[in-house]
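Structure record follows, encoded as structure tokens.
Throughout, a chain's letter reflects where its sequence line sits, starting with A, and its residues are numbered from 1.
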2 protein chains.
Amino acid sequence: MSAAHTGVPAPVPAPLDTRMPTPVPVEEHEACPVSDVLRRIGDKWSVLVIVLLGQRRHRFNELHRGIEGISQRMLTRTLRGLEVDGLVHREVFPTVPPSVEYSLTPLGRTLLEPLSALAGWAVEHHGAIERSRRAHAGAADRDGG
Amino acid sequence: MSAAHTGVPAPVPAPLDTRMPTPVPVEEHEACPVSDVLRRIGDKWSVLVIVLLGQRRHRFNELHRGIEGISQRMLTRTLRGLEVDGLVHREVFPTVPPSVEYSLTPLGRTLLEPLSALAGWAVEHHGAIERSRRAHAGAADRDGG
DNA sequence: CAGAATCCAGAATGATACTG
DNA sequence: CAGTATCATTCTGGATTCTG
């Protein structure tokens with residue numbers, strides 16, 4: 001197995017060597033756990049739910065009110081997905097009216113640390129990203145128009 | 001602005017306090033840089049491209065051959081998206097036949113570090129995630145069948 | 001070689017109405 | 001309160017064909 005998709009071993013400083021040492025296979029990319037996780041939390045709402053549940057546990061409608069713009073359906077689906085992956089715990093209280101509380105599992109809490117690393121990167125560099133996007137949009141205008 | 005979506009300040013150890021200190025607004029989640037980055041690199045191929053380009057620069061067809069299963073169209077679209085965001089640099093050599101080399105920009109290289117943190121988490125915990133998925137699949141079978 | 005253009009299938013997301 | 005069911009729409013990814 002190539003090391004390419006098994007762990008991103010280190011922040012390689014990109015030697016930019018013009019030679020081609022290895023053929024770079026990357027066969028089993030479908031099972032790559034990195035892509036797998038990225039696709040799970042890369043959807044529209046999962047990160048927001050994880051962050052909110054990282055602060056404290058919440059009831060369903062608290063999340064619904066707290067995340068402006070999410071539909072009931074998508075909140076349910078997001079929570080189910082995170083629950084199936086073992087990141088979120090769902091606890092039902094058989095009261096009337098019924099009450100359900102969501103919280104992060106221990107596994108889910110371990111995700112907060114690497115997530116905060118990526119969040120820090122995003123906060124630090126989203127200005128540069130947006131400038132780059134605007135610059136390329138302008139370039140496209142000048143190309144096409 | 002709420003602090004909820006601006007940086008995931010720290011790996012909060014989830015006090016699980018039953019009180020409700022703050023109302024948790026999360027208004028401007030559409031502009032949340034964390035979700036923004038996650039959605040960019042959470043697609044099917046971006047992470048693989050970033051990892052490969054983190055090792056060294058590549059020509060178009062090297063990437064095409066190196067990433068088994070990717071279509072020409074998706075490789076082009078993925079590279080364009082990363083280029084627009086300022087993470088990938090595209091350099092054209094006007095030879096015949098033409099040659100194009102892709103490499104990470106300095107901004108793109110800074111992403112390797114937080115990405116490797118998340119990758120480490122994924123590698124460490126994807127076993128637990130898959131067990132959880134299988135457990136819930138089995139539970140669904142017993143529920144529905 | 002490195003793409004662009006076109007067409008298409010399926011998944012993700014959303015609005016709305018209904019239920020225990 | 002906490003969902004489920006249904007339908008419509010948008011987005012994503014892919015196969016194929018064509019070009020400088």
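A straight line from CG of B:L75 to P of C:dC1 spans 14 Å, rounded to a whole angstrom. Between the CG atom of A:L63 and the P atom of D:dA2 there is a distance of 9 Å, rounded to whole Å. In this structure, A:I67 atom CD1 and C:dT13 atom C1' are separated by 15 Å, rounded to whole Å. Taking atom NE2 on A:H58 and atom C1' on D:dC1, their separation rounds to 17 Å, with Å as the unit. Rounded to an integer number of Å, the gap from CG of B:N61 to P of C:dC1 is 5 Å.
The CD1 atom of B:I67 lies 5.0 Å from the CG atom of B:L52; values are rounded to the nearest 0.5 Å. With rounding to the nearest 0.5 angstrom, the CD atom of B:E124 is 11.0 Å from the CD1 atom of B:I129. Remark: B:C32 SG to B:D36 CG distance equals 8.0 Å, nearest 0.5 Å. Here the OG atom belonging to A:S132 is positioned 7.5 Å from the CG atom belonging to B:L87, to the nearest 0.5 angstrom. Distance CG/A:L38 to CG/A:L118: 7.5 Å, rounded to 0.5 Å. To the nearest 0.5 Å, the span separating CG on A:L111 from CD1 on A:I41 amounts to 5.5 Å.
The C1' atoms of five pairs define one axis at each end of the helix from C:dC1-D:dG20 to C:dG20-D:dC1, and these two axes lie 50° apart (to 10°).
Taking every heavy atom of residues 80-91 of chain A and every atom of DNA chain C, no pair lies under 4.0 Å.
Listed by chain and number, the residues in a side-chain hydrogen bond (donor to acceptor under 3.5 Å, both in side chains) with A:R40 are A:D85 (sequence neighbours excluded).
Two residues are said to be in side-chain contact when any heavy atoms from C-beta on lie closer than 4.5 Å; B:H58 and B:E101 fail this criterion. By the 4.5 Å heavy-atom criterion applied to side chains, B:S103 and B:E91 are not counted as neighbours. Taking the side chain as every heavy atom from C-beta outward, B:V88 and B:L104 approach each other to under 4.5 Å.
Side-chain N/O atoms of B:Y102 include none lying less than 4.0 angstrom from OP1 or OP2 on C:dC1.
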Per-nucleotide protein contact string for nucleotides 5-14 of chain D (B base, S sugar-phosphate only, - none; heavy atom under 4.0 Å): -B------BB

N/O contacts under 3.5 Å, protein versus nucleotides 18-20 of chain C?
none

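Residue B:F60 is grouped with residue B:L63 when hydrophobic side chains (ILVMFWY) are merged at heavy-atom distances under 4.5 angstrom, including chains of intermediate members.
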Indicate every side-chain donor-acceptor pair of residues 69-81 of chain B with a distance under 3.5 Å to a residue at least two apart or in another chain.
{"from": "B:S71", "atom 1": "OG", "to": "B:M74", "atom 2": "N", "distance (Å)": "3.1"}
{"from": "B:T76", "atom 1": "OG1", "to": "B:Q72", "atom 2": "O", "distance (Å)": "3.0"}
{"from": "B:T78", "atom 1": "OG1", "to": "B:M74", "atom 2": "O", "distance (Å)": "2.7"}

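Annotation for B:L107 and A:H125: closest pair CD1-ND1, 3.4 Å, computed over non-hydrogen atoms.
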